[in-house]
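Right, one structure below, let's go through it.
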Amino acid sequence: MGNRIIGIDLGATTLRLAHLEVGFRRVTLRRVETHATAPEAATLSSIERVTARMAQLAPLLPSLHDDQEFTELAVALPGELVTFRLIDLPFSDPRRIESVLSYELETEVLQPIDELVIDHVLVRQASEGGATRVLVAAAPKAAIAQVVAKAAELGLPLRSIGAAPLAHLAGLGEEIEQPRLLVDIGASEAVVVAVHRARPELARSIPFAGRWFSEAIATAFHLDGDTAERTKLEAGFIAHAGMRPESPPQRRMDACLREAVRPLVRELRQTLAAYSASYGGTLSGLWLTGRGAQLPGLAEHLQAELELPVSAPPSLPLPVDEAFAPDAAVAVGLAFQTAEQGLQVDFRKGEFAYRSDYSFLRGKAVALAGALAAVLLFAGLNAFASLRGLHQEEERLQTRLDRAAAELFGADRAKKMDARAISEELRGKGGHAEVVPIPSVTAFDLLDEVSRQAPPSEKIRLDISELKIEPKKIYLKATTQTNQQMDDFADELKKIDCFKELQKGKSRTVSGPSQPSSDTRSGETKTVPTELKEFDFNITTTCP
């Protein structure tokens with residue numbers, strides 16, 4: 001099996017864990033777990049609430065390192081802890097972008113830059129004369145430090161810390177041409193992301209949550225919190241053309257929930273206006289998801305108020321072993337983005353960078369030791385076989401050397417000589433003149449010299465019929481057209497350095513190949529045999 005990555009959505013009321021198996025060429029979602037969180041004190045800050053939810057992970061992950069898998073975690077910070085800004089830059093080099101983000105963001109946020117961890121996502125690449133647009137995400141260092149410290153305290157291998165608003169991008173393919181607005185209504189906040197071709201063009205967090213519906217019902221009907229929550233799930237709705245209130249309680253329910261959703265409608269209109277101002281266009285529709293979005297009539301109400309088609313986001317085009325609820329999209333998307341380095345930010349950088357301790361290797365120590373022993377065994381066998389082959393080759397060469405030395409020096413003397421002594425004798429260093437040294441010029445070299453010194457074909461017609469090259473002498477037999485050509489050839493051969501003496505034999509007239517000839521009297525063409533001069537040279541050489 002491959003390694004595991006667990007994406008974790010630290011929801012206000014629910015913890016969602018998406019278990020991802022990462023193989024060599026395949027990433028598969030194995031299962032999604034949903035666990036209710038323990039109630040938190042109302043006085044806790046946003047950072048304290050996140051670390052409190054982190055603490056609740058310990059009993060949910062009893063065995064992160066088993067015998068077959070290495071597990072790493074990816075956590076998404078809620079939108080309320082992340083600040084998003086759009087920045088245009090006149091260059092597209094990733095290093096330059098990273099280096100100037102702090103300066104560009106300094107005038108955009110109220111918090112000191114040195115108290116933030118900053119990352120970015122490329123929205124639009126710079127074209128000729130254009131600008132590179134990046135979506136910058138900033139999170140408090142205090143929040144990152146506490147999350148990392150809590151993970152270390154619990155012994156959790158926390159690989160990355162992302163931003164919940166961007167986790168949805170794993171399920172939105174680039175084939176979606178028209179920009180859409182994705183709205184995820186959770187229990188404590190609503191996350192809004194404008195998406196175009198799987199890239200986030202705008203992101204923000206709205207302090208509106210599903211619990212506002214429960215609080216509105218509790219106020220309108222004078223109910224306690226738990227009863228109001230059950231009433232919302234059983235009877236809550238917002239009226240529309242296909243669902244009209246039929247009784248006073250229903251009209252009262254419709255009125256209180258319409259009032260509760262009014263702030264969300266106002267913030268969404270502002271988001272649409274901000275997108276239009278930033279990109280000069282309009283959004284083509286709205287995707288509504290999250291547990292708070294399950295309120296009957298909410299989608300129809302937002303569609304009428306915003307004058308945009310409202311629907312559920314497309315299903316995640318990911319390999320899964322089992323179906324999962326749409327409100328688990330943050331955990332699932334975060335896991336896939338962490339495994340495939342997708343379009344997301346990671347606040348585990350700089351001083352908070354993730355460093356694996358490789359403790360998962362302990363469970364595989366036996367298997368690894370066995371594999372290492374097998375590798376060493378085969379390496380040893382290969383070395384032994386190679387060494388044995390070299391010894392056999394050495395024996396064959398030694399036998400050939402002994403045989404050749406016996407032929408050159410005699411059997412008795414050859415037995416007293418090793419390879420070095422034989423080499424020195426052959427090179428003339430042994431002081432024995434009778435030993436023939438290794439020739440420095442071969443028969444082929446002499447043939448090449450004869451060929452080079454022969455006059456060109458336009459000056460002489462030369463046909464060599466016999467050539468014998470022996471130590472210290474050469475015999476050559478050839479034909480030319482005239483005796484003068486024979487003398488010219490002899491003069492050229494005398495120019496070869498190692499030709500000491502050249503003796504000419506008698507020249508003889510021989511018949512050559514017939515050639516056509518015209519008879520001037522009869523005008524007929526006849527073939528007439530030609531006459532050639534045949535000669536031989538005996539050449540004494542100084543070449544070995």
For E104, salt bridge (charged side-chain N to carboxylate O under 4.0 Å, His left out) partners two or more places apart: none
Side chain to side chain donor-acceptor pair (under 3.5 Å), that's the test. Do T13 and T37 meet it? Break it down for me. CA-CA 5 Å; T13 60; T37 60; 5.6 Å; no
D9: which of L334, L17, V330 passes side chain to side chain contact (heavy atoms under 4.5 Å, CB included): V330
Just so I know, are the side chains of P207 and E80 near enough to count as touching, which here means a heavy-atom distance under 4.5 Å? no
Strictly by side chain to side chain donor-acceptor pair (under 3.5 Å), give each pair with a member in residues 240-254 just once, sequence neighbours left out. D254-R258
Among all residues two or more places apart in sequence or in another chain, which pass the side-chain hydrogen bond (donor to acceptor under 3.5 Å, both in side chains) test with D93? none
If we ignore angles and hydrogens, is there a donor and acceptor under 3.5 Å between the side chains of S284 and R180? yes
Give every residue pair that meets the side chain to side chain donor-acceptor pair (under 3.5 Å) criterion with at least one member in residues 204-214, sequence neighbours excluded. E189-S205, R204-E267, R204-T271, S214-E229, S214-K232
Decide yes or no for R199 and V195: does some side-chain heavy atom of the first lie under 4.5 Å from some side-chain heavy atom of the second? no
Is there any salt bridge (charged side-chain N to carboxylate O under 4.0 Å, His left out) pair reaching into residues 52-61, and which pairs are they, with sequence neighbours excluded? E40-R53
I'd like to check I185 versus R291 (side-chain heavy atoms, cut-off strictly below 4.5 Å). Are they in contact? no
Counting C-beta onward and ignoring hydrogens, is there a side-chain heavy-atom pair between E98 and H120 closer than 4.5 Å? yes
Below 4.5 Å, heavy atoms only, C-beta onward: do R133 and I87 meet side chain to side chain? no
Answer whether the closest heavy-atom distance between the side chains of I6 and E72 falls below 4.5 Å. no
Give a yes or no answer on whether the side chain of R348 reaches the backbone of A74 with a donor-acceptor pair at less than 3.5 Å. no
Where is the tightest heavy-atom contact between M243 and F237, given as atom of each residue plus distance? SD-CD1, 3.4 Å
Y354 vs L158 side-chain heavy atoms within contact, under 4.5 Å: no
Kindly write out the residues that satisfy salt bridge (charged side-chain N to carboxylate O under 4.0 Å, His left out) with E48, not counting sequence neighbours, or none if the list is empty. none
Is it the case that the side chain of D346 and the backbone of I161 share a donor-acceptor pair, with hydrogens and angles ignored and the cut-off at 3.5 Å? yes
Using a strict cut-off of less than 4.0 Å between a Lys/Arg side-chain nitrogen and an Asp/Glu carboxylate oxygen, indicate whether R269 and E305 qualify as a salt bridge. yes
Which pairs, with at least one residue in residues 242-276 and sequence neighbours excluded, count as a ring pair (Phe, Tyr, Trp, His ring centres under 6.0 Å)? Y275-Y279
Is the backbone N or O of F91 less than 3.5 Å from a side-chain atom of T132, with the two atoms forming a donor-acceptor pair by type? yes
Checking side-chain polar atoms at under 3.5 Å, does T14 have a donor or acceptor matched by the opposite partner on T34? no
To the nearest 0.5 Å, how far apart are CD1 in I217 and SG in C256? 5.5 Å
Side-chain donor-acceptor contacts of residues 368-393 below 3.5 Å, not counting sequence neighbours, with atom names and distances?
| from | atom 1 | to | atom 2 | distance (Å) |
| --- | --- | --- | --- | --- |
| S386 | OG | N382 | O | 2.9 |
| E393 | OE1 | R396 | NE | 3.3 |
| E393 | OE1 | R396 | NH2 | 2.4 |

Using the test side chain to side chain contact (heavy atoms under 4.5 Å, CB included), find all partners of Q303 that sit at least two apart in sequence or belong to another chain. V310
Taking only residues two or more places apart in sequence or in another chain, which ones pass salt bridge (charged side-chain N to carboxylate O under 4.0 Å, His left out) with E259? R262
Less than 4.5 Å apart, any side-chain heavy atom of T219 and any of L223? no
Please round to the nearest 0.5 Å and tell me the distance separating atom CG of L268 and atom CG of L308. 9.5 Å
Set of salt bridge (charged side-chain N to carboxylate O under 4.0 Å, His left out) partners for E351, sequence neighbours left out: K141
Would you please name every residue forming a ring pair (Phe, Tyr, Trp, His ring centres under 6.0 Å) with F347, sequence neighbours left out? none
